[in-house]
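Let me begin by presenting the structure, written as structure tokens, before commenting on it.
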Amino acid sequence: MVLDKLGQSLNNALRKLARASTVDEALVREVVRDIQRALLTSDVNVRLVLDLTKKIEKRALEEKPPAGVSKKEHIIKIVYEELTSFLGKEAKPIEIKEKPTILLTVGIQGSGKTTSVAKLARYFQKHGYKVGLVCSDTWRPGAYFQLKQLVEPYGIEVFGDPEEKDAVKLAKEGVEYFKKKGVDVIIVDSAGRHKEEKGLIEEMKQISNAINPHEVILVIDGTIGQQAYNQALAFKEATPIGSIIVTKLDGSAKGGGALSAVVATGAPIKFIGVGEKIDDLEPFDPKRFVSRLLG
Ligand code: GDP
């Protein structure tokens, strides 16, 4: 499963607590240190780990368990609650409040962005929405054909022009095209590479200003670890990030980087990619995720 090693380490920390005959301050500090170590070795951002574990430690040392609940049980509940609240309490889907709802996806090439756009389109289609895709990636002409190939079997249309060099123009025209067609959801896929990072970020800014999306979705490769923090920060500078899709969580990735991306952007993870096929997309459920992690 995802986060295997992180899950195991967190489990070991909690087992240490469960096995102890008495729970004193020294033990609480030791368990908190174990949790800290588990998160740090999974590439979760250092500052975040310290914030989180400080909160756990403070509550574990100060709170009195309610009647009938042992100190151990209460501390385990605190760890559970703090991890869940860190990831976002509720699983929040992307809402289609307005028609059309315009979504813009951003992310580095190789993150799984194109695949995720196709998966999202299919997800909305399965939920009864009519979807249009716009490919504004002018750096990789293959992106348009890749996207078309992925969604054509499902009758989902892709707007794009592999010859066009102006990404902002493409994005705008694509949105106008699908507005006229009366679709419910328009997903605009952007480039994941540029001559230099500054150019990519500037392009995101311009596209975002031009199409005014309801939500910008950052696609992050779940296997990249600590780099996720800076990558997410860079995109956040271009445009406010509304949600995150973490890809490739079907492998052995610990996924700690994904947690860092949440901190960097302040945006929740809404979906996880669990395979290369179009249906391999799952809504992210923080409670289930933490239960599985600690369970
Ligand atoms: P882009 O450059 O960001 O658009 O990335 P692509 O969508 O082309 O994906 C890069 C590679 O990652 C492709 O081989 C995809 O099949 C693969 N990929 C994307 N998402 C997932 C996922 O959730 N799990 C796995 N195992 N592979 C994925």
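Please read all numbers here as calculations on a predicted model, not as lab measurements. Whatever order the structure lists them in is the order used to number ligands and atoms, beginning at 1.
Checking only distances, T114 does come within under 3.5 Å of ligand 1, N or O to N or O. Residue G112 places at least one N or O, backbone or side chain, under 3.5 Å from an N or O of ligand 1. At least one N or O atom of S111, backbone or side chain, sits closer than 3.5 Å to an N or O atom of ligand 1. Remark: ligand 1 and D250 share an N or O pair separated by less than 3.5 Å (distance only, no angle test).
Contacts between D280 and ligand 1, counted as non-hydrogen atom pairs separated by less than 4.0 Å, are absent for every part of the residue.
The closest protein non-hydrogen atom to atom 21 (C) of ligand 1 is G275 O, 3.5 Å. Regarding atom 13 (C) of ligand 1, its nearest protein heavy-atom neighbour is E276 OE1, 4.3 Å. What sits closest to atom 10 (C) of ligand 1 on the protein, heavy atoms only, is G110 O, 4.0 Å.
Checking S243 against E215 by side-chain atom types alone, a donor-acceptor pair falls below 3.5 Å.
At a 4.0 Å cut-off, not a single heavy atom of R193 sits close enough to ligand 1 to count as contact.
Applying the 4.0 Å criterion to heavy atoms of K113 picks out, from ligand 1, the atoms 1 (P), 3 (O), 4 (O), 5 (O), 7 (O). Counting atoms of ligand 1 from 1 in the listed order, those under 4.0 Å from a heavy atom of V274 are 23 (O). Near I108, the atoms of ligand 1 lying under 4.0 angstrom from a non-hydrogen atom of the residue are 3 (O). Short contacts between ligand 1 and G273, defined as distances under 4.0 Å to a heavy atom of the residue, involve ligand atoms 23 (O).
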Distance-only donor-acceptor hits, side chain of residues 147-156, under 3.5 Å, sequence neighbours excluded:
| unit_1 | atom_1 | unit_2 | atom_2 | d |
| --- | --- | --- | --- | --- |
| K148 | NZ | E152 | OE2 | 3.2 |

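A side-chain contact (heavy atoms from CB on, under 4.5 Å) with P213 is found for one member of V175, T101, I102 and no other, namely I102.
Around atom 18 (N) of ligand 1, the closest heavy atom drawn from K119, K248, R140 belongs to K248.
Contacts classified as ring pair (Phe, Tyr, Trp, His ring centres under 6.0 Å) and involving residues 117-142 (residues at least two apart or in different chains) are given here: Y123-H127, Y123-F271, W139-H194.
The pair E81-R59 meets the salt-bridge criterion, with a side-chain N (NZ, NE, NH1 or NH2) lying under 4.0 Å from an Asp/Glu carboxylate O.
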